[in-house]
Asker: 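Okay, handing you the structure first.
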2 protein chains.
Amino acid sequence: MTRMESSFAIIAEPNRRSILSLLAASECSVGELERQLRMPQTSVSKHLRVLREAGFVESRVEAQRRVYRLRPEPLMEVDAWLTPFRRFWTAHVDALERHLDRMDATPETPTKGKKR
Amino acid sequence: MTRMESSFAIIAEPNRRSILSLLAASECSVGELERQLRMPQTSVSKHLRVLREAGFVESRVEAQRRVYRLRPEPLMEVDAWLTPFRRFWTAHVDALERHLDRMDATPETPTKGKKR
DNA sequence: TCAGCGTATGACTTGACGGGTATATGAAGC
DNA sequence: GCTTCATATACCCGTCAAGTCATACGCTGA
């Protein structure tokens, strides 16, 4: 149903990235994700469905629970896409730190149209 | 104007990824991008604006043209986010090839509805 | 000055995605 | 059977991003 073509669109959603990060640590049931992320169960299930249909996760049934675990392929695709760009920063590694520091400093509200 | 919080949301757009890929090869003017991507100029300009405000590109003025070039920081962020996941595939590298081969073969339908 | 090119912006429309609520399914236990 | 727990789905709605069109801006050369 939901178009949602590329792997990039899937991980554009912050909650889905959170789910993936948790699953990177260890596999989880829906309820565990629900508690750790403090989000409604229906929301978790919906995101898991999207992730599952896009191949990011798979589930196995365990009694009444469904335990989800990570599948690496789609993220490998993203990683592969980055390849041609890496030459831009492999030279000077500390640029990221400076960038992240700036992000940190900014008042978290990009709401207003800032110049440049 | 456009919220567009994360770097992930920016590269969720296929046309923007195309622009970035072209700029990874070499800096380009708007017109060059327009021709290579075969998309309307207003569209290119709008995507460039989004990319610029998100720090993915910067432009310099050259006569009547604006030449855009890549800035690496936001993509470095994405690369950094991938770090915890790499352990899932650094062991067996060929899984990506198999995955991409499948993508190639399938007629645009995601992982087929397994319908239990 | 004007014309023409290159680029940016504004208004508008459309459609997709995410959140919420209610409900359905299905397994386990009484 | 019924009830409870765990998860999934259906529906509605608000929001927001992307496309299109028209137009405005800025630079250059005649």
Side-chain angles (χ1 to χ4, degrees), chain A residues 1-20 22-23 27-54 56-69 109-116, chain B residues 1-20 23 27-54 56-69 110 113-116:
Chain A
M1 279 289 277
T2 20
R3 276 279 97 113
M4 194 63 72
E5 341 87 45
S6 73
S7 302
F8 297 89
I10 307 287
I11 61 174
E13 226 291 325
N15 295 310
R16 283 197 289 265
R17 286 201 304 279
S18 304
I19 292 178
L20 290 175
L22 284 180
L23 293 182
E27 46 178 42
C28 287
S29 72
V30 179
E32 290 169 340
L33 293 171
E34 176 189 359
R35 285 187 295 275
Q36 303 206 42
L37 298 177
R38 293 206 179 140
M39 64 187 325
Q41 174 264 317
T42 62
S43 218
V44 176
S45 280
K46 281 189 196 173
H47 285 306
L48 283 172
R49 176 181 178 154
V50 174
L51 290 169
R52 186 169 9 104
E53 290 180 344
F56 284 78
V57 303
E58 63 188 354
S59 71
R60 71 170 193 278
V61 181
E62 198 166 89
Q64 327 85 321
R65 319 237 162 126
R66 314 254 174 138
V67 180
Y68 281 81
R69 88 166 147 255
T109 328
T111 321
K112 209 34 223 157
K114 49 193 327 180
K115 76 284 186 72
R116 33 184 278 43
Chain B
M1 279 281 276
T2 17
R3 273 277 135 92
M4 193 63 71
E5 342 87 47
S6 74
S7 302
F8 297 90
I10 306 287
I11 60 173
E13 225 292 326
N15 295 312
R16 283 198 287 265
R17 286 200 304 281
S18 303
I19 292 177
L20 290 175
L23 294 181
E27 46 178 43
C28 288
S29 72
V30 179
E32 289 169 341
L33 293 170
E34 175 189 359
R35 284 187 295 276
Q36 303 207 43
L37 298 176
R38 295 207 177 140
M39 63 186 325
Q41 174 263 316
T42 62
S43 218
V44 176
S45 279
K46 282 190 187 172
H47 285 306
L48 283 172
R49 174 180 180 159
V50 173
L51 289 169
R52 185 169 10 103
E53 290 180 342
F56 284 77
V57 302
E58 63 188 354
S59 71
R60 70 171 193 277
V61 181
E62 197 165 272
Q64 327 86 319
R65 320 238 162 126
R66 314 253 173 141
V67 180
Y68 281 81
R69 87 167 146 257
K114 340 188 37 170
K115 260 352 10 189
R116 39 173 270 101

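Below, chains carry the letters A, B, ... as their sequence lines are ordered, and counting in each starts from 1.
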Asker: So, OP1 or OP2 of dC17(C): does either fall under 4.0 Å of a side-chain N or O from H47(A)?
Answerer: no
Asker: Starting from P on dG19(C), measure out to CD on E34(A) and report it in whole angstrom.
Answerer: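 From E34(A) CD to dG19(C) P: 14 Å.
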Asker: Tell me: CG of L51(B) to C1' of dA8(C), nearest whole Å?
Answerer: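 Checked: the CG to C1' distance equals 15 Å.
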Asker: C28(A) and L23(A): which non-hydrogen atoms are nearest, and at how many Å?
Answerer: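 Nearest pair, atom of C28(A) first, then L23(A): N-CD2, 3.7 Å.
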Asker: Measure the distance from CZ on R60(B) to C1' on dC27(D) and round it to the nearest whole Å.
Answerer: 16 Å
Asker: Closest nucleotide of DNA chain C for Q64(A) versus for V44(B): which of these residues is on the 5' side?
Answerer: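 Result of the comparison: V44(B).
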Asker: Check this for me: does the side-chain of K46(B) come within 3.5 Å of the base of dT20(D) through a donor and an acceptor?
Answerer: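 Checked by distance alone, the answer is yes.
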Asker: Check every strand shown and say whether S43(B) touches a base, only sugar-phosphate, or nothing at a heavy-atom separation below 4.0 Å.
Answerer: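 Here S43(B) touches the backbone only, sparing every base.
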Asker: Calculate the interatomic distance between L48(B) atom CG and dA8(C) atom P; express it in whole Å.
Answerer: 7 Å
Asker: Over how many whole Å does the gap from R49(A) atom CZ to dG19(C) atom P extend?
Answerer: 16 Å
Asker: In whole angstrom, give the distance that lies between atom CZ of R65(A) and atom P of dA8(D).
Answerer: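 Result: 13 Å.
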Asker: Of the nucleotides dA28(C), dT9(D), dA8(C), which has the atom closest to the V30(B) side chain?
Answerer: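 Taking heavy atoms from C-beta onward, the closest nucleotide is dA8(C).
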Asker: Is there a donor and acceptor pair, one atom on the side chain of Q41(B) and one on the base of dA8(C), closer than 3.5 Å?
Answerer: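 Yes.
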Asker: Starting at the 5' end of DNA chain C and moving along, which residue's nearest nucleotide shows up first, T42(B) or R66(A)?
Answerer: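 By nearest-heavy-atom nucleotide position, the 5'-most residue is T42(B).
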Asker: With a 4.0 Å limit, can you tell me whether Y68(B) has a side-chain N or O closer than that to the phosphate oxygens OP1/OP2 of dG6(C)?
Answerer: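 Indeed not, no polar side-chain atom of Y68(B) lies that close.
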Asker: Please round to the nearest 0.5 Å and tell me the distance separating atom CZ of R16(B) and atom CG of L37(B).
Answerer: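 Separation between the atoms: 13.0 Å.
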Asker: Does any part of the side chain of F56(A), heavy atoms only, come nearer than 4.5 Å to the side chain of S7(A), both counted from C-beta?
Answerer: yes
Asker: Side-chain contact, heavy-atom cut-off 4.5 Å: E32(B) with R65(B)?
Answerer: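 No, every pair of side-chain atoms sits at 4.5 Å or beyond.
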Asker: Take the protein atom CE of M39(A) and the nucleotide atom C1' of dG18(C), then report the distance between them rounded to whole Å.
Answerer: 9 Å
Asker: With the side chain of S45(A) defined as its heavy atoms from C-beta on, choose the nearest nucleotide among dT20(D), dA8(D), dA18(D).
Answerer: dA8(D)
Asker: Find the distance E32(A):CD to dA6(D):P and express it as a whole number of Å.
Answerer: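 Whole-Å distance recorded here is 11 Å.
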Asker: Using the side-chain contact (heavy atoms from CB on, under 4.5 Å) definition, which of the options Q36(A), R35(A), M39(A), R49(A) pairs with V44(A)?
Answerer: M39(A)
